[in-house]
Amino acid sequence: MRLKGKVAIVTGGAHGLGEADVRLFAREGAKVVIADILVDEGQALARSLREAGHEVVFATVDVTSDDDWRSLMELTIKTYSNLDILVNNAGISAGAVEGLSEIEGWHRLMAVNSTSIFLGSRRAADIMVNAGRGSIVNISSIMGMVGHTTGHLAYYAAKASVRNQTKALAVRLGPLGVRVNSIHPGFFPAMKNTKSSNLLSEVLKDVPMGRVGDPLEVAYGALFLASDESSFMTGAELVIDGGYTAK
């Protein structure tokens with residue numbers, strides 16, 4: 001019960017890394033708001049967790065919309081009266097903009113992966129500062145720390161901006177009691193669905209542990225940063241990548 005009594009929002013919480021966060025946070029005692037555009041998946045997850053005795057609600061949220069963020073905060077306060085944790089997990093890969101022009105892809109990737117961090121953190125900070133406490137966890141990527149030969153340039157630029165937004169927010173909000181940290185995952189199960197199995201094989205050659213990660217391994221990192229166990233950490237980068245960036 002490491003999050004007992006705390007209220008958390010997890011964006012992109014209906015599947016993947018976000019779903020792992022939601023399940024773990026609920027198990028550790030948090031009241032969780034699942035925010036996602038995937039309505040069926042999000043509602044099903046919330047329903048299953050409520051049936052298991054957890055306090056969870058779902059909200060349809062486009063993280064690129066400031067109006068949706070405002071509505072999300074209003075719902076959270078109306079439902080649970082507080083907000084202690086925001087996990088900015090929602091994001092898309094370069095593959096999500098296939099078929100768009102280069103500039104359209106740039107704008108879409110930046111909007112979902114970077115601008116959403118600004119919108120969500122600003123809204124959450126308003127509530128957390130008034131309470132004098134809070135933890136914001138931004139999910140970046142190891143590709144925000146290093147370059148790579150594949151993918152859309154905007155993906156790397158957006159994830160790097162998440163890294164430095166985190167530091168800027170940490171400096172600004174630290175004196176006001178709000179901590180802001182980032183997580184940089186490496187390669188995770190989506191890689192198993194890549195169009196080219198050869199690409200996965202090549203990537204894993206550069207991962208000292210020789211495998212993709214499990215979403216729960218990132219979720220435990222988010223749990224640590226969300227909990228009071230990391231009370232003297234802000235502006236930090238937690239890398240969970242099987243050693244990829246150590247080489």
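Values in this document were obtained by computation on a predicted structure and should not be read as measured data.
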Are more than 12 heavy atoms from other residues, nucleotides or ligands located less than 6.0 Å from atom CZ of R172?
-> no
Rounded distance [0.5 Å steps], OG in S121 versus CG in L169 | 5.0 Å
How would you list, by chain and number, every residue that makes a side-chain contact (heavy atoms from CB on, under 4.5 Å) with S65, sequence neighbours excluded?
-> D62, D67, D68
Pick out which of N113, N88, I117 makes a side-chain contact (heavy atoms from CB on, under 4.5 Å) with V162.
-> I117
Rounded to the nearest 0.5 Å, what's the gap from CH2 on W69 to CD1 on I9? Could you check?
-> 6.5 Å
Does L17 share a hydrophobic cluster with L38, counting links as ILVMFWY side-chain heavy atoms below 4.5 Å and allowing steps through other members?
-> no
Closest heavy-atom pair and its distance - A222, V137 | O-CG2, 4.3 Å
Return the minimal non-hydrogen interatomic distance between S230 and F224, and the atom names on each side.
-> OG-O, 2.8 Å
Side-chain donor or acceptor of D241 paired with backbone N/O of P185 under 3.5 Å | no
Can you list, pair by pair, the side-chain donor-acceptor contacts under 3.5 Å of residues 72-79, counting residues two or more places apart and other chains?
unit_1: T76; atom_1: OG1; unit_2: L72; atom_2: O; d: 2.8
unit_1: T79; atom_1: OG1; unit_2: L75; atom_2: O; d: 2.8

State, yes or no, whether a side-chain contact exists between T115 and T64 at a heavy-atom distance under 4.5 Å.
-> no
ILVMFWY cluster, I37 and L119 together (side-chain gap under 4.5 Å) = no
State, to 0.1 Å, how close F188 and I240 come at their nearest heavy-atom pair, and which atoms those are.
-> CE1-O, 3.7 Å
Side chain N181, main chain G235, donor-acceptor under 3.5 Å = yes
Value for CD (E237) from OG1 (T166), rounded to nearest 0.5 Å, stands at 8.5 Å
N164 side chain to A160 backbone, donor-acceptor under 3.5 Å | no
Check: K6 and D228 side chains under 4.5 Å, non-hydrogen atoms = yes
Locate the shortest heavy-atom distance separating I92 from A96; write the atom from each residue and the value.
-> CB-CB, 3.8 Å
Are any of the side-chain heavy atoms of V97 and W106 separated by less than 4.5 Å?
-> no
State the CG-CZ distance between L45 and R50, to the nearest 0.5 angstrom.
-> 9.5 Å
Closest heavy-atom pair and its distance - S161, S114 = OG-OG, 2.6 Å
How long is the gap from CD on E102 to NE2 on H107, to the nearest 0.5 Å?
-> 11.0 Å
Mark yes or no for whether R133, through its side chain, and G177, through its backbone, hold a donor-acceptor pair below 3.5 Å.
-> no
Between the main-chain N or O of Y244 and the side-chain N or O of D206, is there a donor-acceptor pair closer than 3.5 Å?
-> no
State whether a side-chain donor-acceptor pair under 3.5 Å links S182 with S140.
-> no
With no hydrogens and no angle check, is any side-chain donor or acceptor of S135 less than 3.5 Å from a backbone partner on L225?
-> yes
Between R211 and E217, the two heavy atoms sitting closest are NH2-OE2, 2.8 Å
May I ask you to decide if G13's main-chain N or O and E19's side chain share a donor-acceptor pair within less than 3.5 Å?
-> no
Any donor and acceptor pair, going by atom type alone, linking the side chain of E41 with main-chain N or O of A14 inside 3.5 Å?
-> no
Starting at CD1 of I85, measure out to CZ of R179 and round the result to the nearest 0.5 Å.
-> 9.0 Å
Treat each ILVMFWY residue as a node, draw an edge where side-chain heavy atoms are under 4.5 Å apart, and state whether L86 and V171 are in one component.
-> no
